[in-house]
Amino acid sequence: MRRAHGRIPRRAIPLLLGLLALLAPHQLQAAWLSDSRELMGTRVSVELWSEDAAAGQRAIDEVMAEIQRLDEMMNPWNPASELARINREAARGAVVTSPEIIEVIERALFYSRLSQGAFDISFASVGQHYDYRAGTAPDDAAVARDRTNIDYRAILLDVDERSIAYRKPGLQVDLGGIAKGFAVDRGIALLRTHGIQSAVISAGGDSRILGDLGDRPRTIGIRHPRRQDEFVVLIPLADTAISTSGDYERFFMKDGVRFHHILDPGTGRSAQGVQSASVLAAHAIDSDALSTTVFVLGVAAGLELVNRLPGVDAIIIDGDGKLHYSADLLLNTTP
Ligand code: ADP
Ligand code: MG
């Protein structure tokens, strides 16, 4: 690079730039662009403002390709994925893996310790036996047997060696409660390298907002947990991540019981007492893990945890449909 540059006479540079400007279209097309795809088992959407529509579309394509790469790496149901390989091999000895998986699992274990196991990626040791589409759940005996394998302390991470080992043979990991947030953060970081200053990336219930709409914040809605296409709260947001975990996302009803996809590691059954938990944080990896965590902890312990974390807020809808806000949100909304 440097040598090639050296060959151009210094005086010629303004002339060359002038020629380039003549060749380039006089006005770049500035535009709001949006795109969405089925990835990570949900709908991933990217919306952004770009001074140059073609460059903006390239940025979106790059984000989608990156999220697809992460999906292929972290989907435990795809036997060819890196996570599936870990689940097969890590009980026999340390498995050297990708920096992305190490980073996500390290953060997951942080939230496990913080919540004393309410958030636990090894929930899958039991969770793998639920099939929400088919409407089937493991029986009590199976849950009792496999529940001992839900234990984040049996996941051994060696960050320097970039390796992971399971201390229990039946332990299985699923990153469904944190990987989408990680992917959204990755997407936002990519958009920044493209000079994008205003964007939203969403992966299902996990969103991160970069910048604002120029003169005003964006409005993000929290869904009504029991009425489709209705919102309970609309909040103006800029430069933040927000994630919602709801018992209405993936579930089936059996004998009047709602079997949904957020499991209480203590029981191996769907966590009770909350219909939806939304968490605001700077990064989507944190809002994602924490929305699942708060859902499992319930209103009292969930708010207590969130109120201890600087820069983190929560809006919880309890089992009766009543709203609960973390302390900072109450301060900001009380006249
Ligand atoms: P989604 O956007 O898929 O609804 P959530 O953030 O609400 O995601 O998390 C739900 C997902 O988290 C489940 O589908 C499952 O993969 C995973 N999960 C369920 N229970 C737990 C738990 N106790 N700890 C960590 N992850 C969990
Ligand atoms: Mg989550």
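Just so you know, ligand 1 is whichever comes first in the structure, and atom 1 is the first atom listed for that ligand.
- Between H261 and F295, a ring centre-to-centre spacing not shorter than 6.0 Å is recorded.
- Applying the salt bridge (charged side-chain N to carboxylate O under 4.0 Å, His left out) test to R308 and every residue at least two apart in sequence or in another chain returns E304.
- Judged purely by distance below 3.5 Å, without hydrogens or angles, the side chains of Y130 and R250 never pair a donor atom with an acceptor atom.
- Here is the list of ligand 1 atoms found below 4.0 Å of a heavy atom in S245: 5 (P), 6 (O), 7 (O).
- Those atoms of ligand 1 with a heavy atom of D288 less than 4.0 angstrom away are 6 (O).
- Partners of E89 under the salt bridge (charged side-chain N to carboxylate O under 4.0 Å, His left out) rule, at least two apart in sequence or in another chain, are R85.
- Remark: ligand 1 atoms within the under-4.0 Å shell around heavy atoms of R250 are 3 (O), 14 (O).
- Using modelled atom types, no side-chain atom of D264 and backbone atom of A271 make a donor-acceptor pair closer than 3.5 Å.
- Between E249 and ligand 1, not a single N/O pair is under 3.5 Å apart.
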Next item on the list: Take F259 and R269 through the side chain to side chain contact (heavy atoms under 4.5 Å, CB included) test and state the conclusion after the steps.
Entry: CA-CA 8 Å; F259 289 83; R269 295 293 186 196; 4.2 Å; yes
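- In the vicinity of D120, heavy-atom distances shorter than 4.0 Å reach the ligand 1 atoms 22 (C), 24 (N), 25 (C).
- Annotation: F123 places no N or O atom under 3.5 Å from an N or O atom of ligand 1; distance criterion only.
- Of the polar atoms of A118, at least one N or O is found under 3.5 Å from an N or O of ligand 1, judged by distance alone.
- Residue G246 has no nitrogen or oxygen atom sitting less than 3.5 Å from a nitrogen or oxygen atom of ligand 1, judged on distance alone.
- Within the set V126, L263, I262, the minimum heavy-atom distance to atom 22 (C) of ligand 1 is found for L263.
- Looking at ligand 1, you won't find any N or O of T244 less than 3.5 Å from one of its N or O atoms.
- Taking CD1 from I196 and CG from L191, the interatomic distance works out to 6.0 Å, rounded to the nearest 0.5 Å.
- A distance-only check finds a donor-acceptor pair linking the side chain of S125 to the backbone of Q172 [under 3.5 Å].
- At least one heavy atom of P265 sits less than 4.0 Å from an atom of ligand 1.
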